[in-house]
Amino acid sequence: MQFYGTTLPSRLMLGTAGYPSPEVLTQAIAASGAGVITVSLRREGPGGAGLWPILQSSGARLLPNTAGCHTVKEAVTTAHMARELLGTPWIKLEVIGHADTLQPDPFALVEAARILSEDGFQVFPYTTEDLIVGEHLLAAGCEVLMPWGAPIGSGQGLRHAEALASMRAHFPGVPLVIDAGLGAPSQAARAMEMGYDAVLLNTAVAKAGDPVAMARAFAQAIEAGHTAHMAGLMPPRDMAQPSTPLLGMAVLA
């Protein structure tokens with residue numbers, strides 16, 4: 001499991017917003033075994049509410065994000081702040097275009113990705129399942145694509161599963177991460193069964209009745225889904241097929 005040449009121990013990427021307490025967040029990160037944790041500088045700067053010590057002690061790779069940005073200028077400025085504060089070229093790029101769905105603005109996203117890539121950033125773009133936008137993001141310098149499963153925080157799962165499967169087939173050599181919209185571990189397992197490389201989630205864990213147990217459940221589901229994909233899932237059939245062969249069966253009078 002690699003992003004920009006960095007090997008990670010887990011295919012789960014976990015957000016850090018909305019947890020009931022710093023203690024619960026710390027325990028959830030540990031239970032998830034996440035290889036990457038994300039943090040928004042605009043909404044929750046390092047040091048606020050005890051977050052910074054948690055990030056430092058987690059042992060996971062930090063992925064700052066530009067959540068809350070609606071323009072290229074906002075996103076680029078926030079990315080530069082993140083690099084200065086956290087000392088990482090990694091940036092999860094969000095440029096929101098629609099206030100209700102939080103759908104990314106594809107035009108501003110591609111422009112910001114190009115600017116940041118040329119400035120030495122390693123960009124993780126939050127995008128849709130649109131193949132053309134994906135092509136433009138790769139041409140802009142991105143080596144990872146992060147299509148949404150559904151609108152952020154909605155818990156709808158893989159709302160356009162066929163389009164996401166097409167995206168996986170269209171970009172066979174590109175790391176793809178389902179980012180946003182998952183509400184249940186079964187949805188994460190399905191994404192991994194489709195061949196996605198990782199899953200990034202936040203709300204489904206942070207707002208669970210027991211975030212620590214839910215973090216563990218997602219970790220197990222992601223591992224199971226990836227193992228199933230690598231093992232080779234049986235194709236669906238239109239009709240029944242007996243598991244016991246008919247040839248050689250005794251004829252009972």
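The first residue in the sequence is number 1, and the count goes up from there.
Judged by distance alone, with hydrogens and angles left aside, the side-chain atoms of Arg168 form a donor-acceptor pair with the main-chain N or O of Phe171 at under 3.5 Å. Of the possible polar contacts, one joining the His98 side chain to the Thr101 backbone as a donor-acceptor pair under 3.5 Å is found. Although no hydrogens or angles enter the test, the distance criterion places a donor-acceptor pair under 3.5 Å between the side chain of Ser154 and the main chain of Pro151. Proximity of a side-chain donor or acceptor of Arg11 to a complementary backbone N or O of Asp197 within less than 3.5 Å is detected. A donor-acceptor contact shorter than 3.5 Å is absent between the side chain of Glu84 and the backbone of Met81. Here the side chain of Gln187 pairs a donor or acceptor atom with the backbone of Gly183 at under 3.5 angstrom. Side chain of Ser117 to backbone of Arg114: no donor-acceptor contact under 3.5 angstrom is found.
Residue pairs that meet the salt bridge (charged side-chain N to carboxylate O under 4.0 Å, His left out) test with at least one member in residues 148-158, sequence neighbours left out, do not exist here.
Side-chain atoms of Thr88 and Arg61, non-hydrogen and from C-beta on, do get closer than 4.5 Å to each other. When side chains are defined from C-beta on, Met214 counts as touching Pro185, because their heavy atoms get closer than 4.5 Å. Inter-residue side-chain proximity for Trp90 and Arg83 is flagged as unmet; no heavy-atom pair is nearer than 4.5 Å.
Aromatic rings of His80 and Phe121 (six-membered ring for Trp) have centroids within the 6.0 Å cut-off, being under it.
A donor atom on one side chain and an acceptor atom on the other are found under 3.5 Å apart for Glu135 and His170. Side chains of Trp148 and Glu129: a donor on one and an acceptor on the other come within 3.5 Å. When only modelled atom types and interatomic distance are considered, Glu94 and Thr66 share no side-chain donor-acceptor pair under 3.5 Å.
Checked options Thr26, Val212, Val24; the residue passing with Tyr19 is Val24 (criterion: side-chain contact (heavy atoms from CB on, under 4.5 Å)).
Put simply, CG on Leu63 and CE on Met13 are 5.0 Å apart, with the number rounded to the nearest 0.5 Å. Expressed to the nearest 0.5 Å, how far CD of Glu111 lies from OG1 of Thr71 amounts to 10.0 Å.
In the hydrophobic clustering of ILVMFWY residues, with side-chain heavy atoms under 4.5 Å counting as a link, Leu233 and Leu176 come out apart.
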